[in-house]
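Working notes for the structure below.
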There are 2 protein chains.
Amino acid sequence: MTSAIPLPEGVSEEEFLRLDRQICFSLHAASRAFNGVYRVVLKELGITYPQYLVMLVLWEQGELPVKKLGEYLRLDSGTLSPLLKRLEAAGLVRRERSARDERSVEVRLTEEGTALRERALAVPRRIVSATTFDVDEIRDLRDRLDRLTAALDEAALQDPAAH
Amino acid sequence: MTSAIPLPEGVSEEEFLRLDRQICFSLHAASRAFNGVYRVVLKELGITYPQYLVMLVLWEQGELPVKKLGEYLRLDSGTLSPLLKRLEAAGLVRRERSARDERSVEVRLTEEGTALRERALAVPRRIVSATTFDVDEIRDLRDRLDRLTAALDEAALQDPAAH
DNA sequence: CACCATTTAGTTGTACCCAATTGAATTGTG
DNA sequence: CACAATTCAATTGGGTACAACTAAATGGTG
């Protein structure tokens with residue numbers, strides 16, 4: 001059984017090409033544009049955007065193992081390990097092997113890492129403001145993107161088999 | 001003169017934090033999810049998603065200099081140079097210094113590169129289908145993302161001065 | 001013609017991102 | 001208890017992405 005194809009029959013291959021190109025370009029561009037604004041805003045904090053995402057989770061959750069961090073952010077250890085080392089080198093976090101489970105590494109904030117939160121408080125307002133979107137538009141866009149992500153993740157799992 | 005802040009006064013800092021987190025995370029996730037689907041679909045063509053974007057432009061435009069390619073894709077030479085070398089190593093493109101202007105490098109398709117288009121024709125349909133979005137939804141999302149990108153690009157230019 | 005700013009690719013260094021592998025620790029089963 | 005399967009972090013390798021820099025070529029301007 002193939003997955004549902006919600007597109008009308010009468011759409012030409014050229015039309016698909018245009019649509020595909022447009023949506024991918026737009027998404028790619030938006031992602032990089034966001035990154036660009038974050039680069040500017042976070043430069044004064046001395047961290048990158050993915051590092052900021054990690055800090056957000058730590059500020060919210062306190063300490064937690066690399067595994068959990070990866071689940072929250074959907075990143076694997078190949079991405080997180082070097083990133084966390086850089087955060088440790090910057091003095092913002094500490095990494096310690098768990099006593100209970102020697103396989104696990106606990107990531108926790110240092111004094112400095114905790115203190116950084118104060119300076120980071122102004123970031124979201126600046127970012128949201130930079131979008132020129134109002135609260136409802138942002139929520140709406142977020143919902144659409146989440147729906148898109150769910151569909152794509154689903155397809156990535158099923159497609160290799162469907163070929 | 002500061003840029004317009006379209007947000008109501010009564011929104012708390014915590015609310016901004018949530019919004020910021022959600023929209024950034026969702027965009028990040030969507031971008032990577034798209035990349036994941038492309039990875040799966042393009043594996044049989046032996047190219048990556050950014051390489052596919054380059055091929056799309058070449059299939060459409062014929063030959064063109066690295067500079068123009070970068071303008072179309074919003075990528076600089078630091079990204080394009082190694083990418084194009086890989087496409088050349090794969091036998092899909094050739095790079096030749098322009099006779100008119102020795103600074104410029106023309107990128108053109110090989111026989112093999114041109115031939116690949118046939119096998120790539122099925123890609124857009126599969127990608128669009130994977131989104132489960134219909135044509136209107138895609139166009140609408142594209143428009144929102146483009147609006148977002150324009151606003152963010154604008155902000156990235158002005159923000160350093162605004163501090 | 002000589003000088004200088006500009007244009008264009010390429011290189012280097014830093015940082016993500018993912019696939020695949022490694023190695024240590026833990027858990028489940030007989 | 002022994003041993004296989006699993007879990008978890010780290011590492012390695014290939015591929016973007018961008019900033020800063022280099023180097024060659026071009027195009028004025030005096």
Side-chain angles (χ1 to χ4, degrees), chain A residues 24 27-40 42-43 46-54 64-71 73-90 93 95-107 153 156 160, chain B residues 24 27-40 42-43 45-55 64-71 73-90 93 95-107 153 156 160:
Chain A
C24 293
L27 198 64
H28 213 61
S31 183
R32 280 182 297 157
F34 240 113
N35 222 301
V37 173
Y38 266 109
R39 207 192 335 275
V40 169
L42 292 177
K43 190 155 65 181
I47 57 178
T48 67
Y49 172 47
Q51 288 167 6
Y52 172 67
L53 291 180
V54 168
L64 73 180
V66 175
K67 180 72 191 305
K68 283 284 177 204
L69 209 45
E71 282 170 8
L73 299 172
R74 290 162 147 274
L75 295 173
D76 70 358
S77 65
T79 299
L80 281 178
S81 287
L83 188 157
L84 290 171
K85 282 188 179 177
R86 281 186 285 271
L87 283 181
E88 188 171 42
V93 307
R95 296 177 309 135
E96 295 166 359
R97 291 255 159 218
S98 163
R100 302 189 211 304
D101 187 340
E102 290 277 342
R103 296 169 304 178
S104 181
V105 169
E106 296 282 332
V107 181
D153 283 348
Chain B
C24 292
L27 197 63
H28 210 60
S31 182
R32 280 182 296 155
F34 240 112
N35 222 301
V37 172
Y38 266 109
R39 205 192 337 277
V40 168
L42 291 177
K43 190 155 66 180
L45 300 190
I47 56 178
T48 67
Y49 171 49
Q51 288 167 7
Y52 171 69
L53 292 180
V54 168
M55 295 301 286
L64 72 181
V66 175
K67 181 71 192 303
K68 284 285 178 205
L69 210 45
E71 281 169 9
L73 299 173
R74 289 165 147 272
L75 294 173
D76 70 359
S77 63
T79 300
L80 281 177
S81 286
L83 187 157
L84 290 171
K85 279 189 181 177
R86 282 186 282 272
L87 282 181
E88 187 172 42
V93 307
R95 296 177 308 137
E96 295 167 358
R97 289 259 158 215
S98 164
R100 299 185 216 307
D101 187 340
E102 290 277 342
R103 294 170 304 179
S104 180
V105 169
E106 295 284 332
V107 182
D153 282 348

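Below, read A as the first sequence line, B as the second, and so on, with proteins coming before strands; counting in each chain starts at 1.
Classified by interplanar angle (parallel below 30°, tilted 30° to 60°, perpendicular above 60°), the ring pair Y49(B)/Y38(B) is parallel.
T79(B) places no side-chain N or O within donor-acceptor distance of the main-chain N or O of L75(B), the cut-off being under 3.5 Å. Side chain of R97(A) to main chain of E102(A): a donor-acceptor pair is present (N/O by atom type, distance under 3.5 Å, no hydrogens or angles).
Atom CG in D76(A) sits about 13 Å away from atom C1' in dG13(D), given to the nearest Å. In this structure, the CG atom of L84(A) is 13 Å from the P atom of dA15(C), given to the nearest Å. The distance between atom NZ of K68(B) and atom P of dT7(C), rounded to the nearest whole Å, is 13 Å. One interatomic measurement links the two molecules: CG of D153(A) to P of dC18(C), which rounds to 10 Å at whole-angstrom precision. Across the protein-nucleic acid pair, K67(B) atom NZ and dG10(C) atom P stand 14 Å apart, rounded to whole Å. When the C1' atom of dC8(D) is taken as reference, atom CG of L75(A) falls 16 Å away, rounded to whole Å. Taking atom CD on E106(B) and atom C1' on dT8(C), their separation rounds to 12 Å, with Å as the unit. The CZ-P distance, from R95(B) to dA9(C), rounds to 11 Å in whole Å.
The residue among S104(B) and N35(A) whose nearest nucleotide of DNA chain C is located toward the 5' end is S104(B). Nearest-nucleotide positions on DNA chain D for R97(A) and R32(A) put R97(A) closer to the 5' end.
Two end axes, each from the C1' atoms of five base pairs, can be drawn for the helix from dC1(C)-dG30(D) to dG30(C)-dC1(D); they diverge by 0°, to 10 degrees.
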With 3.5 Å as the limit, what N/O pairs link the protein to nucleotides 14-16 of chain D?
unit_1, atom_1, unit_2, atom_2, d
dT16(D), OP1, T48(B), OG1, 2.6
dT16(D), OP2, Q51(B), NE2, 2.8
dT16(D), OP2, R86(B), NE, 2.9
dT16(D), OP2, R86(B), NH2, 3.3
dT16(D), O5', R86(B), NH2, 3.4

Atom pairs, N/O to N/O, protein against nucleotides 22-26 of chain C, distance under 3.5 Å?
unit_1, atom_1, unit_2, atom_2, d
dT26(C), OP1, R100(A), O, 3.4
dT26(C), OP1, E102(A), N, 3.3

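Qualifying side chain to side chain donor-acceptor pair (under 3.5 Å) partners for D153(A), counting only residues two or more places apart in sequence or in other chains: R74(A). Looking at residues two or more places apart in sequence or on another chain, you find a side chain to side chain contact (heavy atoms under 4.5 Å, CB included) between R103(B) and D101(B). Shown here are the salt bridge (Lys or Arg N to Asp or Glu O under 4.0 Å) partners of K43(A), two or more places apart in sequence or in another chain: there are none.
The side chain of R39(B) places an N or O atom within less than 4.0 Å of a non-bridging phosphate oxygen (OP1 or OP2) of dA19(C). Contact annotation: S77(A) side-chain N/O to dA9(D) OP1/OP2 distance is not under 4.0 Å.
Scanning both residues, I47(B) and Y52(B), for their nearest heavy atoms gives CD1-CA, 3.8 Å. Between V107(A) and R95(A) the shortest heavy-atom distance is CG2-CG, 4.3 Å. Here the shortest heavy-atom pairing between P65(A) and S104(A) reads CB-OG, 3.4 Å. Of all the heavy atoms in L80(B) and V66(B), the pair that sits closest is CD1-O, 3.9 Å. The minimum heavy-atom distance linking E106(B) with S98(B) is given by the pair CG-CB, 4.2 Å.
Using a 4.0 Å cut-off between charged side-chain N and carboxylate O, E71(A) and K68(A) make a salt bridge.
Using a 4.0 Å heavy-atom distance criterion, L80(A) is classed as making no nucleic acid contact. Nucleic acid contact class of K85(B) (heavy atoms, under 4.0 Å, all strands): sugar-phosphate only.
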